[in-house]
J.: 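Dropping a structure here in structure tokens format, bear with me for questions.
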Amino acid sequence: MTELEKRFIAARRQAIAMEYGKLNERQRQGVLTTEGPLLLLAGAGSGKTTVLINRVANLLKYGRGSDTEEIPMPITGDEVEFLEGYIQNPDPAQKPLMEYLCAVEPARPWEVLAITFTNKAATELKERLERMLGEEARDVWASTFHSACVRILRRDIEHVGFSRDFTIYDTDDSKRVVKDCLKSLGLDEKTFPVREVLAVMSDAKDRMQTPEQFCKQWESAGEWRKIRIGKVYRLYTQKLFEANALDFDDIILHTVRLLRDHREVREYYQRKFRYVLIDEYQDTNNLQYQLASLLAGGHRNICVVGDDDQSIYRFRGANIENILNFESEYKGARTIRLEQNYRSTQHILDAANGVIRNNLGRKGKTLWTNNGAGDTVTVKTTFNESDEANYVLGQIMMAYRRGANWKDNAILYRMNAQSNALEYACKRNGVPYKIIGGTKFFDRAEVKDMLAYLCVINNPADDLRLRRIVNVPSRKIGAATVDKAQLLATRDGRTLYEVFAHAEEYPELKNTAAKLKAFTELIETMRRALDGAELVDYYSYVCETTGYVAMLQEKNDPESLARLENVEELSSSIHAFLDHEPDNPTLAGFLDEVALYTDLDDTTDGDNCVLMMTMHSAKGLEFPYVYVVGMEEGIFPGNRAVSDPEELEEERRLCYVAMTRAKEHLTLTNARQRMLFGRTAASMPSRFLNEIPENDMEWLSKPEPRQERPAFDDFDDYGASGGVAYRVDVEIAAHRQQVKKTLDSVRKAPTPSAALPDIKAGETVHHSAFGKGMVLSVRPMGGDALLEVAFDNVGTKKLMLKTAMSHLTRG
DNA sequence: TGACCACAGTTTTTT
DNA sequence: ACTGTGGTCA
């Protein structure tokens, strides 16, 4: 290599590096190290996403320019001098020439694959890339493991025996199938809990064991239980195959099989993806590991990003070894540690470091920050869980009076069940709050029902979804009938739907043939209407035609009202789907996306509310004020964890995750006694509290436990001291007034029906679902009114006016 | 087929 | 304490 070439290479790297001047040195290394395997150990709050985005930008702009000694074309002394001059004194006008000289085979967008775990992360990545790079970024493959695999499978799954229009089963669907399997194998659900069977199967799939291999293994070991489960596994696999369905594990499993066993497919993708990035690598399971290494197997440019200290998903198969062993699995791998934290203060970090230091299985990182020492961590011991909740709320309300937003506060707990006391305290104090997690929108029965209708319309062969909705709303088609038909379907090799449609051919079904026939005709009508329909309109058409909406309206209790809202809310999902310009704006496309996209309600921002969530759901988020409650032995770490060292380390990582969410102030609380699962038990402070260095915390503890919780007016833990006390007291009084008002208005009946139209008995109305009818009676109820309407075609129905209003017209 | 009662389980969660 | 589910009875 000539002297000139050396100068060129150095100048090229420096010129590219200048693009990333805002990053710190380590972050910049992460961006510029483009070639070969790279492990990016990114501590909490170390600007991981920024690095990821800049890295992709760099790949698209300069290719391997920053990480190679190649010189793609002969260079001249003038050019080297130009670059060296540019570094000294960058002139925007000369940037194009600089870019031209520095780029070495820039990656085209579709040659970059960036994989994340959640859709949220994938969307964020895509959006930020597009903001930085414009249109071009759209073709980058930024997606979750599952959606990347579905994309691959939709193209090539026929090589492994499924057809390209396969359906995706969610966990609920899987459960149903397992139940069916248990029943037909004569196994008892109590001896073989569905949860466990699913977990065992998932495990087997993770090891890539076929049912046959699984059975063989346990037969030779003589494990009766496992042999039985193996039989379920076999039948389950067969059923899914016959239904042309894949569960979540299968999506990855079959992609791995496809790539492993079919050279031409494998080579296509290996050639295509010059650069592969995997985010949250500490959360990958074996299958995902296999997938990553298959996809990156061509160019071997695999960059994994993660933090072994934040691995908290062992229970769902994540294998921390994947990140711990990355360097030995990938020879020549480079490792970059991002340890500068931009989020928290030093006391918070030192406290968190103090805890995580006690884990043995880790790579070892020590976070530091330039943010200054900040406040020490507050530890507070209270008498019981409602004291704890009151303390936290008191602190939050004080912060609010000092000008903080409600949403600056997050309360984190180990289990969802712990949210009760906190929720209650918020309600009593009139503090707006939002609980994240719990039952998700797409998990709600009514939403699933409507989706099931759409699935059946899309693909009548979807037996499972068909069974779900055939009798919802009630069509007098009971389980017995469906079972009979299912048997016949299996016998004749037809789908369940075909048997329904030809029910009259079966003497066994003669009693219900007419009803079955009517049902399939309903579906057929809706199928015909799909052609050319606008998806959103079509959805409301389906809601009405199926009678589902009417069913909910009839019930007219608050529960059904909420359900109705959810059913309507689904149409906004369709809107949202169409809005972000999908490749495939059809019903099938929508169902595909919905199957993999389950967190619609990520309305984390927007409303100004105190946020309450589990520590798991807090991962990746940050808040100025964080309260971690329930720091008690037996709860956190949980009972199961105290006897299992691996599990204990996982709990400790979870603690580390929770603590590092805090930007300004961290409060940890424990209660001396707590009611959980109906029992009150005393418990010791969590060992994690004792692992925090004393310098970094202040442990407030009440000398004497209070016997009795005072009623709702007493906020004894407000504890403002000194000269401000009076002022605070006045404010408290004002606040209480507010609270009482709120409470009163909640307790009393809602506001009178000022806005309701005055429909009277005797009037003729038209209902969008029931048709024409006459109002028999109007009875005011609360802020609403109960209507009794005699419809011409469907008989007399009771409707709540507020609910029915949008479906009713006069005359 | 639908209503009602007894009973068990109860970490964490994404796709 | 609470909730969802499964089995039994009308």
Side-chain angles (χ1 to χ4, degrees), chain A residues 115-122 143-150 168-175 179 182-183 188-190 193-196 199 202 205 246-253 255 279-280 283-285 287-288 291 311-318 385 412-421 424 436-440 442-443 445 471-482 511-512 515 592-599 602 613-620 630 634-642 644 647 650-651 653-655 657-658 674-680:
Chain A
I115 290 192
T116 60
F117 262 83
T118 63
N119 291 299
K120 201 176 157 195
S143 63
T144 63
F145 272 107
H146 293 265
S147 53
C149 286
V150 168
I168 299 165
Y169 277 6
D170 65 22
T171 320
D172 236 50
D173 300 328
S174 299
K175 270 190 198 157
K179 275 186 186 174
L182 288 171
K183 205 182 270 173
D188 182 20
E189 270 192 46
K190 290 206 171 85
V194 178
R195 264 174 66 97
E196 190 197 332
S202 179
K205 289 183 188 183
L246 274 65
D247 67 21
F248 288 132
D249 289 330
D250 292 339
I251 290 172
I252 316 268
L253 177 65
T255 311
D279 194 13
E280 305 284 14
D283 290 337
T284 50
N285 62 22
L287 276 179
Q288 289 157 337
L291 180 71
S311 167
I312 55 173
Y313 286 112
R314 199 171 79 117
F315 67 91
R316 65 179 199 214
E385 76 275 5
L412 311 183
Y413 35 80
R414 182 65 238 271
M415 309 176 270
N416 287 117
Q418 287 172 266
S419 67
N420 272 337
Y424 184 58
I436 311 276
T439 325
K440 268 154 258 102
F442 284 104
D443 283 342
N471 202 31
V472 185
S474 171
R475 299 188 178 89
K476 302 283 156 64
I477 300 170
T481 308
V482 176
N511 291 332
T512 42
K515 291 176 213 155
D592 227 21
E593 180 159 298
V594 158
L596 297 176
Y597 190 89
T598 46
D599 53 352
D602 51 22
M613 68 192 92
T614 65
M615 301 181 204
H616 282 91
S617 358
K619 192 174 158 203
I635 289 182
F636 188 46
N639 271 324
R640 272 156 276 256
V642 291
D644 176 352
E647 198 67 9
E650 173 123 337
E651 297 275 286
R653 290 192 290 267
L654 184 57
C655 184
V657 168
R674 173 182 304 272
M675 182 151 78
L676 199 60
F677 302 140
R679 219 175 294 285
T680 301

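Protein chains get the first letters and strands the later ones, always in sequence-line order, with residue 1 at the start of each.
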J.: List the residues meeting side-chain contact (heavy atoms from CB on, under 4.5 Å) with A:K619, not counting sequence neighbours, and say none if there are none.
T.: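 Partners of A:K619 by the side-chain contact (heavy atoms from CB on, under 4.5 Å) criterion, ordered by chain and then number, come out as A:E280, A:Q282, A:D283, A:Q310, A:I312, A:Y313, A:V657.
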J.: I'd like to know if the side chain of A:D247 reaches the main chain of A:D250, judged simply by a donor and an acceptor atom lying under 3.5 Å from each other, with no hydrogens or angles considered.
T.: yes
J.: For residues A:I168 and A:D173, report the shortest heavy-atom separation together with the two atoms involved.
T.: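 Closest approach of A:I168 to A:D173: O-OD2, 4.2 Å.
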J.: Distance check needed: B:dT14 C1' versus A:L287 CG, whole Å only.
T.: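 Rounded to whole Å, this separation is 15 Å.
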J.: Could you tell me which residues satisfy side-chain contact (heavy atoms from CB on, under 4.5 Å) with A:N285, sequence neighbours excluded, listed by chain and number?
T.: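 Applying side-chain contact (heavy atoms from CB on, under 4.5 Å) to A:N285 gives A:D206, A:L287, A:Q288.
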J.: Are OP1 or OP2 of B:dT15 and a side-chain N or O of A:N119 less than 4.0 angstrom apart?
T.: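 The answer is yes; a side-chain N or O of A:N119 sits under 4.0 Å from OP1 or OP2.
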J.: Could you work out which one of B:dT13, B:dT15, B:dT12 sits closest to the side chain of A:H146?
T.: B:dT15
J.: Mind checking A:E647 for me? I need base, sugar-phosphate or nothing, with any heavy atom below 4.0 Å counting as a touch.
T.: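 Result for A:E647 = base.
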J.: Could you check whether any side-chain N or O of A:E651 sits under 3.5 Å from a backbone N or O of A:A641, counting only pairs where one atom can act as donor and the other as acceptor?
T.: no
J.: When all nucleic acid strands are considered with a 4.0 Å heavy-atom cut-off, which category describes A:R679: base, sugar-phosphate, or nothing?
T.: nothing
J.: Using whole Å, report how far NZ of A:K205 lies from C1' of B:dT15.
T.: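 Spelled out: NZ on A:K205 to C1' on B:dT15 is 13 Å.
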J.: Which two nucleotides bound the region of DNA chain C that has atoms under 4.0 Å from heavy atoms of chain A, read 5' to 3'?
T.: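 The contact span of chain A on DNA chain C goes from C:dA1 to C:dG6.
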J.: Just to verify, what does A:F636 make a ring pair (Phe, Tyr, Trp, His ring centres under 6.0 Å) with, not counting sequence neighbours?
T.: A:F688
J.: For A:L291 and B:dT15, give me the distance from atom CG to atom P, rounded to whole Å.
T.: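 For the pair A:L291 CG and B:dT15 P, the rounded distance is 16 Å.
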J.: Please confirm whether the shortest side-chain N or O distance from A:N416 to OP1 or OP2 of B:dT13 is below 4.0 Å.
T.: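 Looking at the OP1 and OP2 atoms of B:dT13, one of them is under 4.0 Å from a side-chain N or O of A:N416.
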J.: Of A:F145 and A:E650, whose nearest nucleotide on DNA chain B comes first from the 5' end?
T.: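 It is A:E650, whose closest nucleotide lies nearer the 5' terminus.
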J.: When you measure from the side chain of A:N471 to the backbone of A:I477, do you find a donor-acceptor pair of N or O atoms at a distance under 3.5 Å?
T.: yes
J.: Could you check how far OH of A:Y169 sits from C1' of B:dT14, rounded to whole Å?
T.: 20 Å
J.: Of all heavy-atom pairs between A:D249 and A:K205, which one has the smallest distance, and what is that distance?
T.: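 Nearest heavy atoms, A:D249 then A:K205: CB-CD, 3.7 Å.
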J.: Could you tell me how far apart A:L246 (CG) and B:dT15 (C1') are, to the nearest whole angstrom?
T.: 13 Å
J.: Could you tell me how far apart A:F315 (CZ) and B:dT12 (P) are, to the nearest whole angstrom?
T.: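 Result: 9 Å.
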J.: How many whole angstroms separate atom CD1 of A:I252 from atom P of B:dT14?
T.: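 After rounding, the reported distance stands at 16 Å.
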J.: Checking A:V194 now: which residues fulfil side-chain contact (heavy atoms from CB on, under 4.5 Å) with it, not counting sequence neighbours?
T.: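 Expected list: A:K175, A:V178, A:K179, A:L182, A:E189, A:L198.
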J.: At a cut-off of 3.5 Å, list every protein nitrogen or oxygen paired with a nitrogen or oxygen from nucleotides 1-8 of chain B, distance to 0.1 Å.
T.:
from  : atom 1 : to     : atom 2 : distance (Å)
B:dT1 : OP1    : A:G478 : N      : 2.1
B:dG2 : OP1    : A:S474 : OG     : 2.7

J.: Please state whether the phosphate of B:dT13, meaning OP1 or OP2, lies under 4.0 angstrom from any side-chain nitrogen or oxygen of A:S617.
T.: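 So the side chain of A:S617 is within the cut-off, an N or O lying under 4.0 Å from OP1 or OP2 of B:dT13.
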J.: Looking only at atom types and distance, does a side-chain atom of A:R414 sit under 3.5 Å from a main-chain N or O of A:I635, one as donor and one as acceptor?
T.: no
J.: Could you tell me the separation between the NZ atom of A:K175 and the C1' atom of B:dT15, rounded to a whole number of Å?
T.: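 Those two atoms, NZ and C1', are 14 Å apart.
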